[in-house]
Amino acid sequence: MSDDGDSLVLRLLREMRADMATKGDLAVVRADVEAARADTSDLRRDVSEGFAAITATLAALSHQNADTRAELGRQIGDLRTEIRTERDAGRIAGLEARVADLE
């Protein structure tokens with residue numbers, strides 16, 4: 001009975017050894033993991049660069065928007081002043097339409 005038990009154990013051990021990964025298999029897996037890490041690093045860098053570019057573009061647009069708002073505000077203020085002047089002089093019809101168009 002001991003021989004039967006030993007041969008069963010040996011057979012099971014041989015089957016387990018056949019199913020186990022070899023050093024070559026592990027090397028391939030490690031290489032794949034390293035390639036995936038490199039790809040991930042490249043992707044992170046690309047996303048970071050893209051995010052920085054978008055942030056810079058948004059900052060420039062925000063600055064332009066502020067300049068445009070300031071210019072429109074100045075023009076509206078000038079028109080209001082002109083309307084007051086024209087109202088005092090009795091010539092108001094065309095100026096009110098210009099202010100409405102700008103607002």
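Since the model is a prediction, treat every value here as computed from it, not as a measurement.
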*Can you list the steps and then say if E82 with D78 is a side-chain contact (heavy atoms from CB on, under 4.5 Å)?*
CA-CA 6 Å; E82 194 174 336; D78 291 348; 5.9 Å; no
*Under the side chain to side chain contact (heavy atoms under 4.5 Å, CB included) test, which residues partner Q64, sequence neighbours left out?*
L61
*Is it true that a side-chain atom of S62 and a backbone atom of L58 form a donor plus acceptor pair closer than 3.5 Å?*
no
_4.5 Å side-chain heavy-atom contact, Q75 and L79_ = no
*Starting at CG of L72, measure out to CG of N65 and round the result to the nearest 0.5 Å.*
9.5 Å
*Between CD of E49 and CD1 of I54, what distance do you get to the nearest 0.5 Å?*
12.0 Å
*More than 12 heavy atoms of other residues, nucleotides or ligands under 6.0 Å from CZ of R69: is that the case?*
no
What pairs of donor and acceptor atoms, side-chain ones from residues 31-46 against any protein atom, are under 3.5 angstrom apart with sequence neighbours left out?
from : atom 1 : to  : atom 2 : distance (Å)
E34  : OE2    : R37 : NH1    : 2.9
T40  : OG1    : A36 : O      : 2.8
D42  : OD1    : R45 : NH2    : 2.6

